[in-house]
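Notes follow once the structure below has been shown.
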Amino acid sequence: MLIATWNVNSIKQRLDHAIRFLEETQPDVLCLQELKCQDEAFPGERIEALGYNLAVHGQKAFNGVAILSRHPISDIRRGLPEGDGDDHSRYIEALVARPDGGVLRVASIYLPNGNPLGTPKFDYKLAWMRRLEQHARALLLLEEPLILAGDYNVIPEPRDVYDAEAWLGDALYQPESRGAFRRLLALGLTDAVRACDDAAGLYTFWDYQAGAWQRNKGIRIDHLLLSPQAADRLSATEIHKATRGWEKPSDHVPVSARFDF
DNA sequence: ATGACCTAACTTTTAGGA
């Protein structure tokens, strides 16, 4: 099975891109982030025509996450637990029926950006990461193949950024943000890309500004975290860098992981 | 050297992104 994640920066603006990616790459599951539309405005028709089932958790103008699956989906959860007062649509989870008869639990995650530092936005990011950690801990007790995929808005390590010094004052590279990401890994989750490739300079985001793409000033912030039962079956990962060169691209590119189930 | 973008919305300016 091929599982992919992509922050599309508006699904309405990027529908042709998403369709092209689905046709060319044929993922079994695609997790989307930053839909920037409400559920009823999600342009699902052409996606469903390709054979995908949809689970959408949208909101007006900002955020919004979805799971597209070629296989039956059930057990849909929208939002993390303990979300009193959190009206951002940043988490959706579903159980996907595997072709081999087993199940696979997948979440599409859009973790808060957290900038600027010293504001409630950064506190919100850290609190959200704590909630994700708690929920991941509970999910791991199920001992299922589990994939927490999405835009984490965290640069895990210096090798994941073109120039670490330039990001020292940014919420994506703060010790607290990176520590919270490491706590997720310490639960027993595996960073899929890093399980397959130790190289520096693997990026998933290039800013629209300042010719970041042309100068390869990228960062790696889109991740697939795997439970042991998923990591055991991981065979390969891919960063679909070419999409960043398409006409009117998203600033993020898809990341995918292949499993031998 | 410097600045350099994109999206949605109560749209001609702002908020949010990263």
Would you kindly give the CZ-to-P distance between A/R215 and B/dA1, to the nearest whole Å?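 Distance check: A/R215 CZ to B/dA1 P gives 12 Å.
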Can you tell me how far P of B/dT7 sits from CD1 of A/I11, to the nearest Å?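 Checked: the CD1 to P distance equals 13 Å.
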Kindly say whether A/L111 contributes a backbone atom to a donor-acceptor pair with the side chain of A/Q33 at under 3.5 angstrom?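 No, the answer is negative, given that no donor and acceptor are paired below the 3.5 Å cut-off.
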Say whether, by atom type as modelled, one donor and one acceptor occur between the side chain of A/S108 and the main chain of A/C31 under 3.5 angstrom. no
Between [N] and [M], how many Å separate the two [atom1] atoms, rounded to a whole number?
| N | M | atom1 | answer |
| --- | --- | --- | --- |
| B/dT7 | B/dA18 | P | 13 Å |
| B/dC6 | B/dT11 | C1' | 15 Å |
| B/dC10 | B/dG16 | P | 14 Å |
| B/dA4 | B/dA8 | P | 22 Å |

Can you name the residues that form a side chain to side chain donor-acceptor pair (under 3.5 Å) with [X], not counting sequence neighbours?
| X | result |
| --- | --- |
| A/D170 | A/N115 |
| A/Q38 | none |
| A/Q134 | A/R137 |

Using a 3.5 Å cut-off and no angle test, enumerate the donor-acceptor pairs between side-chain atoms of residues 76-83 of chain A and protein atoms at least two apart in sequence or in another chain.
from  : atom 1 : to    : atom 2 : distance (Å)
A/R77 : NH1    : A/G79 : O      : 3.2
A/R78 : NE     : A/V56 : O      : 2.9
A/R78 : NH2    : A/V56 : O      : 3.3

The complete set of side chain to side chain donor-acceptor pair (under 3.5 Å) pairs with one or both residues in residues 216-225 of chain A, sequence neighbours excluded, reads A/D160-A/R220, A/D191-A/R220, A/T204-A/D222, A/W206-A/N216, A/R220-A/H223, A/D222-A/H252
Listed partners of A/H71 passing ring-ring contact (aromatic ring centres under 6.0 Å, His included), at least two apart: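 By the ring-ring contact (aromatic ring centres under 6.0 Å, His included) rule, A/H71 matches no residue at all.
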How would you summarise protein contacts on nucleotides 9-18 of chain B per nucleotide, using B for base, S for sugar-phosphate only and - for none, with heavy-atom distances below 4.0 Å? SS-----SSB
Could you identify which residues of residues 175-183 of chain A place a heavy atom less than 4.0 Å from some atom of DNA chain B, listed by residue number, or say none?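 Contacts with DNA chain B under 4.0 Å: none.
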Who are the salt bridge (Lys or Arg N to Asp or Glu O under 4.0 Å) partners of A/D207, not counting sequence neighbours? none
Within less than 4.0 Å of OP1 or OP2 of [N], is there a side-chain N or O belonging to [X]?
| X | N | result |
| --- | --- | --- |
| A/R14 | B/dC6 | no |
| A/S10 | B/dC6 | no |
| A/Q214 | B/dA4 | no |

